[in-house]
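Below: the structure, in structure tokens.
Numbers restart at 1 for each chain; the letters A, B, ... are given by sequence-line order, proteins then strands. As a basis for the values below, the full set of heavy atoms in this structure was taken, side chains included, without hydrogen atoms, waters or symmetry mates.
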Amino acid sequence: MLEAANYGTANNVELKAGVERIESAGPLAARGVVVRIPVCCRCFGPIPNGRIIALAQSLIKGCPKLCPTMASVLCRIPSKAKVIQQTLLLSSTPSRLASHAVAAAGHGHHDIHDGHSSEPAYRYAIGTREVVGYGWAGDEVYGDSIVWPYPAIRFRRPESVDASLLKKEKGDWKNLSIQEKKDLYRYSFCETFSEQLAPTGQWKSIWGIMMFWTALALWGFMGIKAVYPPLPATFTDEHRLRMLKEMIDMRVGAVDGLASQWDYEKGQWKE
Amino acid sequence: MFSTIARATSGVLGRATTLRSLPALGRLGGVRFSHGHEETDEEFDARMTAFFQRKDIDGWDIRRGLQELFSIDGVPEPVTISAAMHAMRRVNDHALAVRFMESLKYKCRGMPDIYPYLIQEVRPTLTELGISTPEELGYDKPELALKNPDDIHG
């Protein structure tokens, strides 16, 4: 319902001029004037004559822009379809297929800034903080780092500190008390160097966790060792030597492999 | 200009007063490595001092200059430090001066004699401008603690 309220029947001059321009616009490039043509949300075709039809359902869903054809297709009860006079210049939703346009009648510059402020994008992130430098990489972010001691923005907002203190900073610094100087520092910076370099004790938790997993692994090893039977006799060195002798006697790998390394005349390994 | 890092890693050599630094960076804001000509220590000092002595310097440029001072393998001369302090006075930023001194102390961390010497040399400037050192503010020890967001075990 709120969507429909934006589209009202307007009798003002701009609307008439806009509607006339739509009706009289030929090929857009040739005309030199590009106007914002409303596009049907369902069929994506242009809505002629600026007559937008809305169905009750689409009004609720907030998508009221339907061409008459689509409205008649979707709505089996024609009386439920509502004709909404399109106010071209007041519409803030850009059509999906038509190009973003500079509408006529003197509203050109205003339209393309709909929804965008003149502030830079970072202002949304940092609020009213003062940008003071280049920082780490040129972005207006704050970060404490001992290798980048001078961040791009101050840490706190100007509202969080007394305006009188900032004014006092402009005067003689000998008049600042120690606490005021500390407040000024905390206004611009979050952590001091000594706080950044202070030990965290994190090694204790890491050490403890590693010991836990090591102990678990040792327990697992002992448990597996306990349930496994002893190794078979074939694992002993004597048995393996016997197997090796049998392999040599059988000429295993006589061409390239094992037996080729054995000198049968001398009864020893080749050089 | 003192080259601290080379000395810190080869501690057996003891301390020298000056040392030829690494190939210097280019002009602040200009070409980084000019062909052929290596900037000497004195030229670097003179350039940075003159940079901070500009009357129209603003906070942005001061931070650029301080960052370049910080990025070299060395510690600035007291003359340069004083010029930077005066520049900070001109832009009315006392916190930056404290941060600068903290960064100097960090720079000299391998050779603990240098930082007291530097402070002693720039003490006239500090008293003239009314700048407190981090030690006077109590920031040589941690005052507050911040939980490290990367510390997942804490």
May I ask you to name which of [options] has the most heavy-atom pairs under 4.5 Å with chain B?
options	answer
Gly201(A), Gly171(A), Gly208(A)	Gly171(A)
Val132(A), Ile178(A), Leu184(A), Asp144(A)	Val132(A)
Asp172(A), Leu176(A), Asp183(A), Ile146(A)	Ile146(A)

Less than 4.5 Å apart, any side-chain heavy atom of [X] and any of [Y]?
X	Y	result
Arg63(B)	Pro149(A)	no
Thr127(B)	Lys174(A)	no
Thr192(A)	Pro134(B)	no
Leu197(A)	Arg109(B)	no

Can you label the angle between the Tyr185(A) ring and the Tyr139(B) ring as parallel, tilted or perpendicular, going by 30° and 60°?
tilted
Under 4.5 Å heavy-atom distance to chain A, tell me which part of [X] shows up: side chain, backbone, both or neither.
X	result
Leu96(B)	both
Asp58(B)	neither
Phe70(B)	side chain

About how many Å separate [atom2] of [Y] and [atom1] of [X], when rounded to the nearest 0.5 Å?
X	Y	atom1	atom2	result
Trp148(A)	Ser103(B)	CH2	OG	13.0 Å
Lys181(A)	Leu137(B)	NZ	CG	7.0 Å
Ile131(B)	Trp173(A)	CD1	CH2	5.0 Å
Phe193(A)	Glu102(B)	CZ	CD	6.0 Å
Leu144(B)	Glu195(A)	CG	CD	5.0 Å
Lys170(A)	His94(B)	NZ	NE2	15.0 Å

On a heavy-atom basis, the closest approach of Ser194(A) and Asp140(B) is CB-O, 3.5 Å
For a quick test of reading the model, state the closest non-hydrogen atom pair linking Asp93(B) to Ser188(A) and the distance between them.
OD1-OG, 4.3 Å
Turns out that what part of Leu166(A) lies under 4.5 Å from chain B's heavy atoms comes down to neither
Where does Gln179(A) contact chain B at under 4.5 Å (heavy atoms): side chain, backbone, both or neither?
neither
Hey, is Glu143(B) close enough to Lys182(A) for a salt bridge, meaning N to O under 4.0 Å?
yes
Arg240(A) atom CZ, neighbour heavy-atom count above 12 within 6.0 Å
no
